[in-house]
Amino acid sequence: QVQLVESGGGLVQAGGSLRLSCAASGRTFSSFAMGWFRQAPGKEREFVAVISGSTASSYYTDSVKGRFTISRDNAKNTVYLQMNTLKPEDTAIYYCAAKIFWLDVRDMSRYDYWGQGTQVTVSS
């Protein structure tokens, strides 16, 4: 069993930055691929970014490439999402999620564990 707890959300002006953190319980954190997803009001949850357990691979959705960076510290059982040049359309609840296998990493239905989410609001 893995428990995930996100933090770092908040209210920021357009063009600003936030860093989200997701702390995981358990001793096998480095074996999990870790993803970030988001859900805006009235919209479906969507993939944002993912990083492999070894940090060798990462993917981003096109709308955040060049602005967001996913990273992880396996010694601290934590994954991060650095968000720069934020836009109002980035407003959403951001969730971290964990999956065992490096397959279908953009598909939220393939993830095994989820956090409770953290709200990010970007004002114009």
Side-chain angles (χ1 to χ4, degrees):
Q1 191 75 8
V2 175
Q3 292 185 324
L4 304 174
V5 179
E6 301 97 333
S7 61
L11 174 64
V12 64
Q13 289 188 331
S17 298
L18 282 174
R19 188 176 81 154
L20 305 183
S21 299
C22 174
S25 65
R27 294 174 292 177
T28 59
F29 176 72
S30 62
S31 65
F32 286 89
M34 298 298 298
W36 285 98
F37 292 77
R38 65 186 180 186
Q39 187 166 17
K43 295 187 177 181
E44 293 186 352
R45 195 171 300 188
E46 66 173 356
F47 167 78
V48 176
V50 63
I51 188 167
S52 64
S54 66
T55 75
S57 299
S58 60
Y59 299 121
Y60 299 87
T61 192
D62 286 346
S63 62
V64 308
K65 285 180 181 177
R67 300 189 299 122
F68 291 12
T69 303
I70 190 170
S71 63
R72 65 191 294 164
D73 184 338
N74 288 337
K76 295 182 178 179
N77 281 14
T78 302
V79 62
Y80 305 97
L81 186 68
Q82 178 66 45
M83 306 186 295
N84 298 328
T85 320
L86 282 160
K87 304 176 180 180
E89 51 264 43
D90 295 318
T91 295
I93 299 174
Y94 283 71
Y95 299 89
C96 73
K99 71 185 311 293
I100 298 172
F101 299 110
W102 186 251
L103 288 173
D104 299 322
V105 294
R106 295 178 176 88
D107 184 349
M108 67 177 185
S109 70
R110 300 293 189 175
Y111 280 74
D112 304 291
Y113 304 100
W114 288 85
Q116 82 290 348
T118 186
Q119 176 71 48
V120 171
T121 303
V122 184
S123 63
S124 57

I'd like to know if [Y] and [X] are part of one continuous hydrophobic network [Ile/Leu/Val/Met/Phe/Trp/Tyr, side-chain heavy atoms within less than 4.5 Å].
X	Y	result
W102	Y113	no
I51	M108	no
Y94	F37	no
Y111	V48	no
L20	I93	no

Does the cation-pi check pass for R19 over Y80, that is, NZ or CZ under 6.0 Å from the six-membered ring centre and within 45° of its axis?
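Geometry flag: set, cation within 6.0 Å and 45°.
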Atom of [X], atom of [Y] and distance for their closest heavy-atom approach:
X	Y	value
T91	Q119	CG2-NE2, 4.1 Å
A23	T78	CA-OG1, 4.2 Å
S25	Q1	OG-O, 4.4 Å
V2	A24	CG1-CB, 4.3 Å
M34	I70	O-CD1, 3.7 Å
C22	L4	SG-CB, 3.9 Å

Is the backbone of [Y] close enough, under 3.5 Å, to the side chain of [X] for a donor and an acceptor to pair up by distance?
X	Y	result
S52	S57	yes
E6	C96	yes
N74	G53	yes

Review point. Does K65 come within less than 4.0 Å of D62, counting only side-chain N to carboxylate O?
Key: yes
Do K99 and D104 sit within salt-bridge range, that is, some charged N less than 4.0 Å from a carboxylate O?
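Looking at K99 and D104, the cut-off is not met.
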One should read off an interatomic distance between S63 OG and E89 CD, to the nearest 0.5 angstrom, of 8.5 Å
How long is the straight-line distance from NZ of K87 back to OG of S124, given to the nearest 0.5 Å?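 One gets 14.0 Å once the value is rounded to the nearest 0.5 Å.
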Original post:
When you look at CZ of R110, are more than 12 heavy atoms from neighbouring residues, nucleotides or ligands closer to it than 6.0 Å?
Top reply: no
Taking the side chain as every heavy atom from C-beta outward, state whether [X] and [Y] have any atom pair closer than 4.5 Å.
X	Y	answer
F32	I100	yes
R38	V64	yes
M83	D90	no
F68	T61	no

Q: Look at the rings of Y95 and W114 and say which category their plane angle falls in: under 30° parallel, 30 to 60° tilted, over 60° perpendicular.
A: perpendicular
Open item on the list: Can you confirm if the aromatic rings of F47 and Y59 lie within a centre distance of less than 6.0 Å?
Closed with: no
